[in-house]
There are 2 protein chains.
Amino acid sequence: MSDLLERLRGRGWRLTSQRRVVAEVLDGDHVHLTADEVHARAARRLPEISRATVYNALGELVALGEVAEVSTDGRAKRYDPNAHHPHQHLVCSGCGLIRDVRPDGDPLAVLPAAERFGFAVSAVEITYRGLCPACARPGPPAAPSNDVRAPG
Amino acid sequence: MSDLLERLRGRGWRLTSQRRVVAEVLDGDHVHLTADEVHARAARRLPEISRATVYNALGELVALGEVAEVSTDGRAKRYDPNAHHPHQHLVCSGCGLIRDVRPDGDPLAVLPAAERFGFAVSAVEITYRGLCPACARPGPPAAPSNDVRAPG
DNA sequence: TCTTGACTTGGATTGCGTCCATCGTAGGAT
DNA sequence: ATCCTACGATGGACGCAATCCAAGTCAAGA
C-alpha cells in the first residue's frame with residue numbers, strides 16, 4: 001500500500017491528499033468498486049473531494065498499470081487494485097458478487113493460430129458467470145453485493 | 001434470415017416493418033453493430049424508425065436468444081447475430097475490429113474447482129486483444145472500423 | 001519562503017440507454 | 001374485405017456514467 005504510494009511518487013506522481021485517499025480506498029483483495037463507490041468512500045475521509053478528481057486519479061492509476069478496469073456488466077466500470085497478479089473474474093448472475101480467479105494454464109494458448117486472423121494477440125479477459133452459493137440456495141436471493149470487505 | 005423471421009413469428013412475435021428491418025440489418029458474419037449503427041442502417045430503409053424502437057427490438061432479440069450482446073469496450077454495447085454458434089471475440093486494440101473466434105476445448109473446463117468458490121459456473125465470455133494485421137503494419141493506423149461487411 | 005506548473009473543483013456537457021404517454025397498426029375475428 | 005383491439009412505434013423527457021472546462025489551489029523543488 002505505502003509501497004504503491006512510494007512507487008507512484010518515484011514515477012513523478014505528485015502526492016496529493018486526494019490521490020492518497022483514492023489509492024487507500026482501493027486496497028484489499030477482491031475489491032471491485034465503481035468510481036462512485038470509490039468517491040463515496042474517499043469522501044468519508046476527505047469530504048470535499050470531487051468526482052472529477054476521483055475519475056482523474058483512477059484513470060492515472062490505470063494508465064500506470066497499478067489498477068485494472070473491469071466491466072462485468074454493461075453499467076459502471078469497476079476498479080480492481082489486484083493488477084500485478086494476472087487473474088480473471090467470476091461474477092454471480094444473481095447478486096453481482098465478483099471474485100478474482102485463476103484458470104489453469106495460459107488462457108491465450110487455447111486460441112489456435114487459424115482462429116487468430118493474423119492478429120498479434122497479447123491479452124485476454126475472461127468473465128465466468130454463474131450463481132454464488134447464497135444465490136443458488138432456495139429462499140430469498142442474496143442482496144446485491146459490491147463484494148467489498150475492506151472497511152471504509 | 002427469413003428463417004429467423006419465421007422462427008420469431010412462430011414464437012408470437014408480431015412482424016412489423018420496423019422489426020423486419022432491424023432483423024435484416026443484423027444479418028451476416030462478424031457483424032457487431034452498436035444500437036446507433038443499427039438505427040442508422042435501419043433508417044436508410046425506413047426513415048421514420050425511432051431509436052426507442054431499435055432498442056426495443058434489439059432487447060427482444062437478445063431475450064429470445066437470437067442475438068448476443070457484446071461489450072468489448074466500455075462504450076456502447078454491440079449486437080452480434082451469431083448467437084446460435086457459441087464463440088468468443090478477438091478485438092483489435094488499434095482500430096476496434098472485432099472477429100468471432102472459437103478457442104480449443106471447453107473454456108469452462110479450465111477453471112479449477114478450487115477457484116470456483118462454490119459458484120455454479122454456467123457461462124464464460126472471453127475477449128482476446130491484440131493488433132490486427134493492418135494496425136500491426138508500420139505506417140498510418142487503420143481507420144477505426146466497425147467491422148461490417150454486409151452492405152447497408 | 002517563493003514560485004510555478006501540476007492538480008482540484010463543480011458545473012456544464014456528452015454519450016448511451018430507458019421511460020412514458022400517445023398514436024398507429026398487424027393480424028385475428030367476423 | 002372490414003373491423004377491433006391489444007401490441008407495437010414514436011419522440012421527447014429523463015437518468016446515469018463519464019468527460020470537459022475555466023478558475024482556483026497547492027506540492028515540492030529552488
Side-chain angles (χ1 to χ4, degrees), chain A residues 5-26 32-43 45-64 67-80 96 144 146, chain B residues 5-6 8-25 32-43 45-64 66-79 96 144 146:
Chain A
L5 295 177
E6 285 308 314
R7 226 180 309 141
L8 293 172
R9 211 163 41 158
R11 295 208 233 167
W13 224 47
R14 185 183 283 187
L15 197 38
T16 66
S17 54
Q18 292 87 348
R19 287 173 166 180
R20 184 189 303 275
V21 292
V22 168
E24 285 172 358
V25 160
L26 278 177
H32 310 92
L33 297 170
T34 64
D36 248 29
E37 288 162 356
V38 171
H39 176 252
R41 282 157 195 266
R45 305 194 197 179
L46 203 62
E48 295 318 309
I49 191 170
S50 77
R51 280 178 173 67
T53 297
V54 170
Y55 276 106
N56 286 341
L58 290 173
E60 290 152 7
L61 288 167
V62 169
L64 290 167
V67 165
E69 255 177 15
V70 182
S71 19
T72 52
D73 53 5
R75 324 283 300 164
K77 288 177 196 159
R78 293 180 174 274
Y79 293 87
D80 180 344
N146 293 319
Chain B
L5 295 178
E6 284 310 314
L8 293 172
R9 213 164 39 157
R11 295 207 234 167
W13 224 47
R14 184 183 284 188
L15 197 38
T16 66
S17 53
Q18 292 85 349
R19 286 172 167 185
R20 184 188 303 274
V21 292
V22 169
E24 285 171 358
V25 161
H32 309 92
L33 296 170
T34 64
D36 249 28
E37 289 162 354
V38 171
H39 176 252
R41 281 157 194 269
R45 305 193 196 180
L46 203 63
E48 296 318 310
I49 193 172
S50 76
R51 286 187 213 305
T53 298
V54 170
Y55 276 105
N56 287 341
L58 290 173
E60 290 152 7
L61 288 168
V62 170
L64 289 167
E66 299 288 349
V67 165
E69 256 178 12
V70 182
S71 21
T72 52
D73 53 6
R75 324 282 300 162
K77 287 178 197 159
R78 293 179 174 275
Y79 293 87
N146 292 318

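Note: hydrogens, waters and symmetry copies are ignored here, and every other heavy atom, side chains too, is used. Please read all numbers here as calculations on a predicted model, not as lab measurements. To find a chain, count down the sequence lines: A is the first, B the second, and so on, and within it residues start at 1.
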In whole Å, what is the span from the [atom1] atom of [X] to the [atom2] atom of [N]?
| X | N | atom1 | atom2 | result |
| --- | --- | --- | --- | --- |
| B:Leu58 | C:dG17 | CG | P | 10 Å |
| B:Glu37 | C:dG15 | CD | P | 14 Å |
| B:Arg20 | C:dA26 | CZ | C1' | 11 Å |
| A:Glu48 | C:dG11 | CD | P | 11 Å |
| B:Arg11 | D:dC7 | CZ | P | 18 Å |
| B:Leu8 | C:dG27 | CG | C1' | 17 Å |
| A:Arg19 | C:dT9 | CZ | P | 11 Å |
| A:Gln18 | C:dA6 | CD | P | 17 Å |

Checklist entry - Donor-acceptor pair, A:Arg19 side chain versus A:Arg14 backbone, under 3.5 Å? => result yes
Item to check | N/O donor-acceptor pair under 3.5 Å between A:His39 side chain and A:Ile49 backbone | outcome: yes
Item to check | Candidate pair A:Asp36 and A:Arg51, rule salt bridge (charged side-chain N to carboxylate O under 4.0 Å, His left out), full reasoning | outcome: CA-CA 8 Å; A:Asp36 248 29; A:Arg51 280 178 173 67; 3.4 Å; yes
Which heavy atom of [X] sits nearest to which heavy atom of [Y], and what is that distance?
| X | Y | answer |
| --- | --- | --- |
| A:Trp13 | A:Ala57 | CZ2-O, 4.4 Å |
| B:Val22 | B:Leu61 | CG1-CD1, 4.2 Å |
| A:Ala23 | A:Leu5 | CB-CD2, 3.8 Å |
| B:His32 | B:Arg78 | O-NH1, 2.7 Å |

Check the interface with nucleotides 17-21 of chain D: list each N/O to N/O pair with the protein under 3.5 Å, or write none.
unit_1	atom_1	unit_2	atom_2	d
D:dA18	OP1	A:Lys77	N	2.8
D:dA18	OP2	A:Tyr55	OH	3.1

Checklist entry - For nucleotides 24-30 of chain D, read 5' to 3', which letter fits each nucleotide if B means a protein heavy atom sits under 4.0 Å from the base, S means only the sugar-phosphate is that close, and - means neither? => result --BBS--
Checklist entry - Nearest 0.5 Å, what's the CD-CD distance between A:Gln18 and A:Glu48? => result 10.5 Å
Next on the checklist: Test of understanding: with salt bridge (Lys or Arg N to Asp or Glu O under 4.0 Å), list the residues that count as partners of A:Arg75, not counting sequence neighbours.
Outcome noted: none
